[in-house]
Protein chains: 2
Amino acid sequence: MESFPWKRFRPARSVRSVQQNGPGAGAAADAQPFRTERPAMENTVTIKDVAARAGVSVGTASRVLSGSTSTSAASREQVRAAAAELGYRPDARARALRSARSHAVALLVSDVRNPFFADIAHGAEQAALASSYVTLLANANEDTVQQDTYLEAFLTQRVDGIIIAPQGEGSGNLRDIEQARLPLVFVDRTVEGFDVPSVTADNAQGVDLALAHLASQGHTRIGFIGGPMAVSTGRARHDAFLRSVARHGLDDDPELIAAGDFRSASGGTAAARLLAARRPPTALLAADSLMAVGALGEVRRQGLRIGRDLALVAFDDIEWFGELDPPITVVAHSARELGETAMRLLLEVIEGRPAESVVLPMELVVRQSSACRQATGEQPSVLLTPGPRPGTA
Amino acid sequence: MESFPWKRFRPARSVRSVQQNGPGAGAAADAQPFRTERPAMENTVTIKDVAARAGVSVGTASRVLSGSTSTSAASREQVRAAAAELGYRPDARARALRSARSHAVALLVSDVRNPFFADIAHGAEQAALASSYVTLLANANEDTVQQDTYLEAFLTQRVDGIIIAPQGEGSGNLRDIEQARLPLVFVDRTVEGFDVPSVTADNAQGVDLALAHLASQGHTRIGFIGGPMAVSTGRARHDAFLRSVARHGLDDDPELIAAGDFRSASGGTAAARLLAARRPPTALLAADSLMAVGALGEVRRQGLRIGRDLALVAFDDIEWFGELDPPITVVAHSARELGETAMRLLLEVIEGRPAESVVLPMELVVRQSSACRQATGEQPSVLLTPGPRPGTA
DNA sequence: CGTTTCCATGGAAACGATTCCATGGAGGAT
DNA sequence: ATCCTCCATGGAATCGTTTCCATGGAAACG
């Protein structure tokens, strides 16, 4: 496989595919094959070809193309032209192999299908792109084993750095990464005992904002739909809830606490459990948006109306939360900003600059789901007014 | 940088990071730096080290580790042991460089934040993982330029294949990919004139299911919230709508058609436009889930009730669509299956096996948003019954 | 017992880039 | 004019792996 002339010519396609999604009948079963004899990409133009065409050495070609050391205007032009004509595309693998820099970073979230993480991913990805890094986005699927599988893959792919929303305790590979001093940043979640910069939300503040808001509406029995204790945000919000309940002098009935797994179904079951308590809550705080959606459905199924019979506040805002009926009050931080910041931190670490952890403040966005004042409870508070219909900030 | 003994020993961390997300005040400003003098991963164990430790040549070590040709039981054991002890992790880049196979595939969707694509991504990713391929997931952001940027990146990263939900017409890089015969699969969308296997939904059938359902409820004026015409699914659903309207003898008033961009906000404005028509529709069909959510909000803002005053059917099911108020009727295909199938196809193409395009059938899931019979119109149809409250399939 | 076959192995080439090193020439200073 | 400096360049080493080729020895076969 030398620099044969065939590299310059593109052979006409020899076989053709089938069935360009004809709007016809359902399942297609006939098998006109789509063939590719030579599986990988053929027709690769290497820097050697470019150099030959430009009439310079590969060294010079490389210098021009990676724009490092000084080159003459003449050869610069020659090489550029040759590269353009041949449609040269540098091989990132070869480049990375030699220069110990892949310009690829990895982002491992626990579930892309969770809009919160999708936003994080989006933010991080855009930030990476702006610095011309490629992002390998992967999905731990809320599963420690899969998390480890991907970390292993990132390690063998020799990415320049990793952003992770970690599951559980530090797995073996996570330790390896830290010890190998591969640039690593935690986003949204952290793991105890890891010496790694992180971007997180101020969970304590967020819980406090939510409870202060509900307390000011007269609620004293507030149910908490928490996240898994294996995740740092789950723990943090749970602990913050306890402290904040105490601070505001609310009922600290253990029956008012239920745990979910950050997915919508678990929010439903948790809500059911809370509502079945001997003295049910008059307001709910969900530690995550998807669980809030689940709770919303369950509450409605029980014939209660959120925003009238029961107040609901959720963590994490989502684009369409304002479109729900009723629009849901949230304590939120911009997930996109979380992702962007994490990527910024990672790139700084990669470039050897100092990076410090960031804690983003949370913000309360009042919508109609928490418009109801405490009414069903036993302490008859102020007369029930329609409540100031809050703008949908 | 030779095979020095330090490779075996992990130097103690020399500097420490800061601030493990103390729940303290919001913005952290003090700057105890987190330093990484040696940016890339240090401490890399190569196959040479493994070979040396096992007392064999690198050739033998490679043969054992990649398990290709025959090796003696003795050396196999030696090499395995040495690799394990040293914590050897093969360098995927070097491996790919030599063997022209990276075991990485790329998936380019138009917007991860759209739950539909998040599901596709999830399905594809899991399928890839099962065949031990890594997935580079990227986000075209509904933007042709960014799509091209990522395709360029994939090309230089020398991925083994690409799955894409393409934007617009075939961009330059997309053509290059086809001509280079790099394995390529379209998912959900296609591009005219490309000779590439695809996995799509049977849009014509889907539209027809929806309209048949609405027509059977007595609706004759059905508003269509379409997608962008620059996207194949947008065009396909639009055309199918026109045909299906004709087939069922419904009103084909051009005022009943509005176009959005597959994001929730555009669904709201489209709904507003439709409802402002001289003779407004009694039912809406949205070409995408997010636009349906937007429409839902707008309709409610106008004081109408979906499922009572106005029927709504949407394309693409989402986990929490059943949790909305009212639960939304959809014509759906499993997005996860779409992703899985696309990945299966891609892997087949990569391995040189024949692959044929797949058209997945769509299914109607009746929920309450379409429970209302036509009532506001002028032709007094059958007496208004409560309508068979359909199960939430 | 001699010859052929086959298998495991070591050494080296190759993959496609970057980077080091030596060199020749141009230009500036003396 | 001579020397020194510096810049552009070609050639070669290198990154970590796979794969080709040659070889030595054991097994099989006559």
Side-chain angles (χ1 to χ4, degrees), chain A residues 1-4 7 40-79 82-83 86-104 155-158 160, chain B residues 1-3 7 40-79 83 86-104 155-158 160:
Chain A
M1 195 189 282
E2 273 310 307
S3 300
F4 273 5
K7 285 192 175 177
M41 198 163 104
E42 57 192 34
N43 185 339
T44 20
V45 176
T46 80
I47 200 171
K48 214 179 293 182
D49 303 318
V50 173
R53 172 139 188 146
V56 299
S57 73
V58 290
T60 306
S62 169
R63 277 180 286 257
V64 169
L65 292 172
S66 48
S68 55
T69 33
S70 49
T71 50
S72 75
S75 55
R76 220 173 312 157
E77 198 166 333
Q78 298 275 18
V79 171
L86 297 178
Y88 168 70
R89 257 182 265 267
D91 185 326
R93 302 167 306 177
R95 182 175 281 195
L97 181 58
R98 177 62 228 243
S99 56
R101 197 55 123 255
S102 67
H103 254 69
L155 246 11
T156 69
Q157 292 285 336
R158 302 285 195 273
D160 288 343
Chain B
M1 194 187 285
E2 273 311 307
S3 302
K7 285 192 174 178
M41 200 164 103
E42 56 192 33
N43 185 335
T44 21
V45 177
T46 79
I47 200 174
K48 214 179 295 181
D49 303 318
V50 174
R53 171 140 188 143
V56 299
S57 73
V58 290
T60 306
S62 169
R63 277 181 286 257
V64 169
L65 292 172
S66 46
S68 55
T69 34
S70 50
T71 50
S72 75
S75 56
R76 220 173 312 157
E77 197 166 333
Q78 299 275 19
V79 171
L86 296 178
Y88 170 69
R89 255 181 267 265
D91 185 326
R93 301 167 307 177
R95 181 175 282 191
L97 180 58
R98 177 62 227 243
S99 57
R101 195 57 120 256
S102 69
H103 253 68
L155 245 13
T156 67
Q157 291 286 335
R158 302 287 196 271
D160 287 343

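In the text below, chain A, chain B and the rest are named by the order of the sequence lines, each starting its count at 1.
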Self-check item: Nucleotide D:dT18, atom P - distance to NZ of B:K48 in whole Å
Solution: 14 Å
Quiz item: Do any side-chain nitrogens or oxygens of A:Y88 fall under 4.0 Å of OP1 or OP2 in C:dA17?
Solution: yes
Quiz item: Of B:S99 and B:S72, whose closest DNA chain C nucleotide lies nearer the 5' terminus?
Solution: B:S72
Quiz item: Under the side-chain contact (heavy atoms from CB on, under 4.5 Å) criterion, do A:T46 and A:D91 qualify, and how do the steps go?
Solution: CA-CA 8 Å; A:T46 80; A:D91 185 326; over 6 Å; no
Quiz item: Taking CD from A:Q157 and P from D:dG16, how many angstroms apart are they, rounded to a whole number?
Solution: 16 Å
Quiz item: Is a side-chain donor or acceptor of B:D160 paired with a backbone partner of B:S102 at a separation under 3.5 angstrom?
Solution: yes
Self-check item: Between P of C:dA14 and CZ of A:R93, the distance in whole Å
Solution: 18 Å
Self-check item: d(CZ, A:R89; P, C:dC15) in whole Å
Solution: 21 Å
Quiz item: What's the CG-C1' distance between A:L97 and C:dC15, to the nearest Å?
Solution: 9 Å
Quiz item: Any stems for DNA chain D, made of 3 or more Watson-Crick or G-U pairs in a row, each with both distances under 3.5 Å?
Solution: C:1-30 with D:1-30
Practice problem: Look up atom OG1 in A:T156 and atom CZ in A:R158, then write down how far apart they are to the nearest 0.5 Å. | Solution: 7.0 Å
Practice problem: Measure the distance from CD1 on A:I47 to C1' on C:dA14 and round it to the nearest whole Å. | Solution: 17 Å
Self-check item: 5' precedence on DNA chain D between B:A94 and B:T60 (nearest-nucleotide basis)
Solution: B:A94
Exercise. Round to a whole Å and report the spacing from CZ of B:R98 to C1' of D:dT14.
Key: 16 Å
Exercise. Give a yes or no answer on whether the side chain of B:R93 reaches the backbone of A:A96 with a donor-acceptor pair at less than 3.5 Å.
Key: yes
Exercise. Write down the distance between CZ (A:R158) and P (D:dC15), rounded to a whole number of angstrom.
Key: 14 Å
Quiz item: Atom CD1 of A:I47 and atom CZ of A:R95: how far apart are they, to the nearest 0.5 Å?
Solution: 8.0 Å
Self-check item: Any A:S57 side-chain nitrogen or oxygen under 4.0 Å from OP1 or OP2 of D:dG10
Solution: yes
Quiz item: When you measure from the side chain of A:S66, which nucleotide among D:dG10, C:dT18, C:dA17 comes out closest?
Solution: C:dT18
Quiz item: Are the side chain of A:T71 and the backbone N or O of A:V64 linked by a donor-acceptor pair below 3.5 Å?
Solution: no
Quiz item: Can you find a side chain N or O atom of B:S62 that sits less than 4.0 Å from OP1 or OP2 on D:dT18?
Solution: yes
Practice problem: Answer yes or no: does a side-chain N or O of B:S75 lie under 4.0 Å from OP1 or OP2 of C:dT9? | Solution: yes
